Amino acid sequence: MTHPAPSRILLVDDDVELATMLSDYLVRDGFEVLAVPDGESGVAEALSGRFALVVLDVMMPGIGGIEALRRIRAASTVPVLMLTARGDDLDRIVGLELGADDYVPKPCLPRELAARLRAILRRSQPAGEPVSQAPLVVGPLTLMPAQRRVEWDGAPVELTSTEFNLLEILARNAGRPVSKADLSAQALGRPLARFDRSIDVHLSSIRHKLGLLPDGRSCIQTVYRQGYQLIRE
């Protein structure tokens, strides 16, 4: 199986002027970029396996970004960063619920976009330390950092790159609460912004994908004013 180059980016945006400006900056910053102007082409390219990350604009004619993301997530866990209208919380939350890894509000600075892309790519590649790559087992949950795989009661669980990162942080701190600020910094590679619900939406998705403990509880618990923790049975 061939793997995409770690710097190969697919940019899906119908704003040709903006896409050209962002592409030029990203290429100068060391990325390989293919820009396509519509959701239909974007979905086809995203599912080709040639790209390490997809940047997807929400507002496009025809197949919009949300529907394009839905189609991509039906067949692939390739990391996806959404470009959303500033202040449009609904599109942002729906995108995260459908499996987007992160979002950047438009208009965005090219250097901010590049920093977000690097943060996602760093966290979607297995690290190299052998000790930290040992499987993590917490109750029915088994997490394999080297392969970036997750199982619940022996059955595979499909997580996005960001969901895997969040669950790995919680698994490494099982039994102890981790603050939302720490989760954002470590899993998303950015400070937690005021009123940012990204962590909550990602963890809600993980809860739905994992099974329940024998007593009917989720293994991920909210700890009042402290954050989230993965509980031990």
Side-chain angles (χ1 to χ4, degrees), residues 53 73 77 79-82 89 92-104 112 115-153 155-233:
L53 196 151
R73 278 291 168 261
T77 58
V80 175
L81 183 144
M82 304 292 290
D89 293 333
R92 194 167 298 159
I93 290 170
V94 170
L96 292 172
E97 287 177 339
L98 289 174
D101 290 88
D102 204 357
Y103 64 87
V104 171
E112 179 190 5
R116 292 286 186 90
L117 295 177
R118 293 197 187 284
I120 294 173
L121 290 171
R122 273 198 309 272
R123 286 158 180 80
S124 64
Q125 303 298 321
E129 306 102 25
V131 174
S132 67
Q133 297 305 293
L136 301 168
V137 180
V138 183
L141 174 70
T142 301
L143 188 144
M144 293 155 273
Q147 297 83 26
R148 295 184 67 83
R149 286 174 44 220
V150 172
E151 292 180 353
W152 182 269
D153 268 342
V157 179
E158 287 289 334
L159 298 180
T160 67
S161 175
T162 296
E163 289 169 353
F164 182 92
N165 297 334
L166 285 166
L167 188 57
E168 181 179 6
I169 294 164
L170 293 176
R172 292 190 185 281
N173 293 276
R176 302 191 301 272
V178 183
S179 71
K180 286 173 63 174
D182 286 344
L183 288 169
S184 184
Q186 295 177 47
L188 301 183
R190 61 178 172 83
L192 182 69
R194 195 178 182 192
F195 306 124
D196 189 346
R197 292 183 54 197
S198 300
I199 298 298
D200 307 297
V201 177
H202 284 306
L203 288 173
S204 174
S205 175
I206 296 170
R207 281 171 167 151
H208 281 98
K209 291 180 179 182
L210 299 179
L212 298 174
L213 297 171
D215 61 7
R217 291 182 299 166
S218 167
C219 64
I220 299 175
Q221 296 290 303
T222 305
V223 182
Y224 183 61
R225 290 188 174 176
Q226 295 186 58
Y228 291 92
Q229 76 174 24
L230 187 69
I231 60 175
R232 296 183 181 275
E233 289 187 88

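Side-chain atoms are counted along with the backbone in the values below, which use heavy atoms only and exclude waters and symmetry mates. None of the values given here were measured: they were computed from a predicted structure. Counting begins at 1 with the first residue of the sequence.
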ask   = Do we get R197 above Y103's six-membered ring, with its NZ or CZ under 6.0 Å from the centre and within 45° of the axis?
value = no
query = Picking from N165, L143, T77, L159, what satisfies side-chain contact (heavy atoms from CB on, under 4.5 Å) with R148?
reply = N165
inquiry  = Are R73 and T160 packed together at the side-chain level, in the sense that at least one heavy-atom pair is separated by less than 4.5 angstrom?
reply    = yes
request  = Would you name the heavy atoms of F164 and P145 that are closest together and state the gap between them?
outcome  = CZ-CA, 3.9 Å
request  = Find out whether V80 and L98 are in side-chain contact, i.e. whether some heavy atom of one side chain is under 4.5 Å from a heavy atom of the other.
outcome  = no
task = Report yes if some heavy atom in the side chain of Q186 is under 4.5 Å from a heavy atom in the side chain of R123; otherwise report no.
result = no
inquiry  = Would you say that S205 contacts E97 through its side chain, given a criterion of any heavy-atom pair below 4.5 Å between the two side chains?
reply    = no
remark   = Note: Q229 and R176 closest approach over all heavy atoms is CB-O, 3.4 Å
request  = Measure the shortest side-chain to side-chain distance between V178 and L230 over non-hydrogen atoms and say whether it is less than 4.5 angstrom.
outcome  = no
ask   = If we only count heavy atoms from C-beta on, is the H202 to L188 side-chain gap below 4.5 Å?
value = yes
ask   = Say you draw a straight line from OG1 of T162 to CG of L203; how long is it, rounded to the nearest 0.5 Å?
value = 11.0 Å
request  = Any chance you could measure M82, atom CE, to R92, atom CZ, to the nearest 0.5 Å?
outcome  = 11.0 Å
request  = Report yes or no: does N173 contribute a side-chain atom to a donor-acceptor pair with the main-chain N or O of I169 at less than 3.5 Å?
outcome  = yes
CG on L96 to CD on E163, rounded to 0.5 Å = 9.5 Å
ask   = How close do P79 and S161 get, heavy atom to heavy atom, and via which atoms?
value = CG-CB, 4.1 Å
inquiry  = Once rounded to the nearest 0.5 Å, what's the spacing between atom CG of D215 and atom CD1 of I231?
reply    = 6.5 Å
query = Taking C-beta and beyond as the side chain, do L167 and L210 meet within less than 4.5 Å on heavy atoms?
reply = yes
Scan the side chains in residues 219-228 for donor-acceptor partners under 3.5 Å anywhere in the protein, sequence neighbours excluded, and list what turns up.
{"residue": "Q221", "atom": "NE2", "partner": "S218", "partner atom": "O", "Å": "2.7"}
{"residue": "T222", "atom": "OG1", "partner": "R207", "partner atom": "NH2", "Å": "3.1"}
{"residue": "Y228", "atom": "OH", "partner": "D200", "partner atom": "OD1", "Å": "2.6"}

key: Any R190 side-chain heavy atom under 4.5 Å of D102 side chain   = yes
